[in-house]
2 protein chains.
Amino acid sequence: MTTTRREQILDTAATLFAERGFHGVSVHDIGSACGISGPALYKHFAGKDDILTQSLIGISQRLLAEGRQRTATAETSEQALAALIDWHIEFALGHPALIVIQEREWANLGADGRREVRALQLAYIDIWVDTVRQLRGDLDAPEARAVVQATFGLINSTPHSARISESSMASRLGRMARAALQA
Amino acid sequence: MTTTRREQILDTAATLFAERGFHGVSVHDIGSACGISGPALYKHFAGKDDILTQSLIGISQRLLAEGRQRTATAETSEQALAALIDWHIEFALGHPALIVIQEREWANLGADGRREVRALQLAYIDIWVDTVRQLRGDLDAPEARAVVQATFGLINSTPHSARISESSMASRLGRMARAALQA
DNA sequence: AGATGAGGTTAACGATTGTTAACCTCCTAG
DNA sequence: CTAGGAGGTTAACAATCGTTAACCTCATCT
């Protein structure tokens with residue numbers, strides 16, 4: 001597990017942003033949590049905004065790339081949907097801070113970063129929407145989008161609860177998500 | 001619709017907090033959006049923190065009071081759960097900004113306010129948990145809590161999507177929530 | 001051996017923030 | 001009629017913020 005300083009900064013910053021919000025964290029806080037101090041961050045990033053931007057881009061890329069791969073190797077739509085559910089649950093349980101900032105901090109991005117992150121997020125959602133619509137002919141595109149967003153909300157609730165073991169939480173969320181997507 | 005200045009401040013502040021986060025909004029922003037300017041807010045609240053605190057307390061009280069009343073007038077557990085689902089959906093669709101700040105700004109409260117809000121939120125969750133457990137004997141308390149939190153996440157996803165009409169969104173969310181709670 | 005660049009440091013800046021102070025209007029109760 | 005409080009205003013404050021500048025310290029390469 002070779003962690004570069006850049007990754008360390010992105011990781012600790014994401015955790016702090018998730019706890020206190022983007023504007024609630026100072027560059028001194030981030031540096032201090034990394035063992036360095038304040039302005040040293042500018043050796044790795046263009047500014048505080050850039051840290052958030054790179055973080056959100058990285059998250060969106062990871063979600064999209066794995067989503068693409070898992071659906072590509074699935075043989076049926078049922079398998080594809082199951083793979084998407086498993087993947088999203090795995091990510092949400094493994095990286096609660098990243099899930100939190102991805103869903104709440106995108107308003108603090110600059111115009112360029114927002115466009116890029118938005119495009120990646122939309123691509124990821126589209127994978128879900130396409131898969132769901134192959135199994136649910138009764139849903140038009142906007143309806144399917146709403147259903148998928150609601151499913152994300154269900155799975156992404158993990159950071160707010162997490163009182164039972166990770167494995168039982170994973171299977172519980174999986175069952176609920178499948179049921180909700182069929183309703 | 002008699003709206004006192006105090007309510008107006010709470011309302012507009014909640015909207016701004018939902019959009020940009022607590023630390024992303026200045027007292028000047030809040031006052032300006034109310035047609036008054038900055039320091040005038042201190043005639044109605046003790047400070048910026050106090051605005052957030054009163055807002056969150058009000059939201060939690062509304063959710064709890066109506067949750068209590070609707071379950072009290074229900075004759076069966078099935079009816080009670082349906083009433084809770086309907087109420088939460090009605091609130092989330094009608095006041096997306098309040099839902100957003102209630103679930104994400106609680107970390108910015110002072111110790112006293114946090115305790116008070118937390119107690120109200122727990123009481124509301126407990127109504128749900130008790131009702132769910134009467135219908136789902138297989139769930140112990142922590143499991144039921146996780147299931148309820150996931151259902152909140154599903155319903156609270158409304159502010160992030162909202163592309164279809166409010167009535168079809170309401171029925172769609174209701175169906176999904178019921179299915180998820182039975183899974 | 002010596003130049004170099006990567007990755008730190010502290011000091012200082014201008015801007016913005018929450019908050020207080022001092023002052024000005026009205027509306028209204030006695 | 002008039003004292004006073006409720007609800008505004010602007011000016012000014014100390015603190016904190018993101019950012020830049022200037023400087024230091026070593027590995028590493030020629």
Side-chain angles (χ1 to χ4, degrees), chain A residues 1-57 101 104-114 117, chain B residues 1-58 101 104-114:
Chain A
M1 183 85 85
T2 77
T3 312
T4 116
R5 167 97 337 148
R6 185 190 154 91
E7 297 173 48
Q8 182 199 12
I9 294 172
L10 285 175
D11 251 20
T12 65
T15 303
L16 292 175
F17 290 158
E19 286 170 359
R20 311 207 292 268
F22 179 69
H23 294 288
V25 179
S26 68
V27 290
H28 170 269
D29 293 332
I30 302 173
S32 177
C34 292
I36 61 183
S37 238
L41 298 172
Y42 288 76
K43 302 292 178 174
H44 303 272
F45 295 94
K48 192 191 172 192
D49 302 304
D50 191 38
I51 297 179
L52 179 64
T53 304
Q54 298 307 321
S55 188
L56 291 190
I57 289 178
I101 67 174
R104 76 170 60 155
E105 300 292 358
W106 76 256
N108 294 115
L109 293 174
D112 313 339
R114 178 154 52 224
V117 170
Chain B
M1 183 85 87
T2 78
T3 313
T4 122
R5 170 112 312 165
R6 186 189 154 92
E7 298 172 47
Q8 181 198 12
I9 293 172
L10 285 175
D11 251 20
T12 64
T15 304
L16 292 176
F17 290 159
E19 286 171 358
R20 311 207 291 268
F22 178 69
H23 294 288
V25 179
S26 67
V27 290
H28 170 270
D29 293 332
I30 302 173
S32 177
C34 291
I36 62 183
S37 239
L41 298 172
Y42 287 77
K43 302 293 178 173
H44 304 271
F45 296 93
K48 193 191 172 192
D49 303 303
D50 191 38
I51 298 180
L52 178 64
T53 304
Q54 298 306 322
S55 188
L56 290 190
I57 288 178
I101 67 173
R104 79 170 57 157
E105 299 293 358
W106 126 152
N108 294 115
L109 292 174
D112 313 338
R114 178 154 51 225

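To find a chain, count down the sequence lines: A is the first, B the second, and so on, and within it residues start at 1. This one's a predicted model, so the numbers in the text were calculated from it and none came from an experiment.
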For this session: Hey, which sits more toward the 5' end of DNA chain C by its nearest nucleotide, B:Lys43 or B:Gly38?
Result: B:Gly38

What is the separation between atom [atom1] on [X] and atom [atom2] on [N], rounded to the nearest whole Å?
X: B:Arg6; N: D:dG7; atom1: CZ; atom2: C1'; answer: 15 Å
X: A:Leu52; N: D:dG18; atom1: CG; atom2: P; answer: 12 Å
X: A:His23; N: D:dA15; atom1: NE2; atom2: P; answer: 24 Å
X: A:Arg20; N: D:dT16; atom1: CZ; atom2: P; answer: 14 Å

For this session: Please work out if B:His44 contacts a base, only the sugar-phosphate, or nothing of the nucleic acid, heavy-atom cut-off 4.0 Å.
Result: sugar-phosphate

Mind checking the [atom1]-[atom2] spacing from [X] to [Y]? Nearest 0.5 Å is all I need.
X: B:Gln54; Y: B:Ile9; atom1: CD; atom2: CD1; result: 12.0 Å
X: A:Leu109; Y: A:Ile57; atom1: CG; atom2: CD1; result: 8.0 Å
X: B:Ser37; Y: B:Ile30; atom1: OG; atom2: CD1; result: 12.0 Å
X: A:Leu41; Y: A:Ile51; atom1: CG; atom2: CD1; result: 5.0 Å

Problem set entry | Span of DNA chain C, from the first to the last nucleotide whose atoms fall under 4.0 Å of chain B heavy atoms | C:dT17 to C:dT20

Exercise. Side chains of A:Ser32 and A:Asp29: is there a donor and an acceptor less than 3.5 Å apart?
Worked result: no

For this session: Run the numbers on A:Thr53 and A:Asp50 for side chain to side chain donor-acceptor pair (under 3.5 Å), then give the verdict.
Result: CA-CA 5 Å; A:Thr53 304; A:Asp50 191 38; 5.1 Å; no

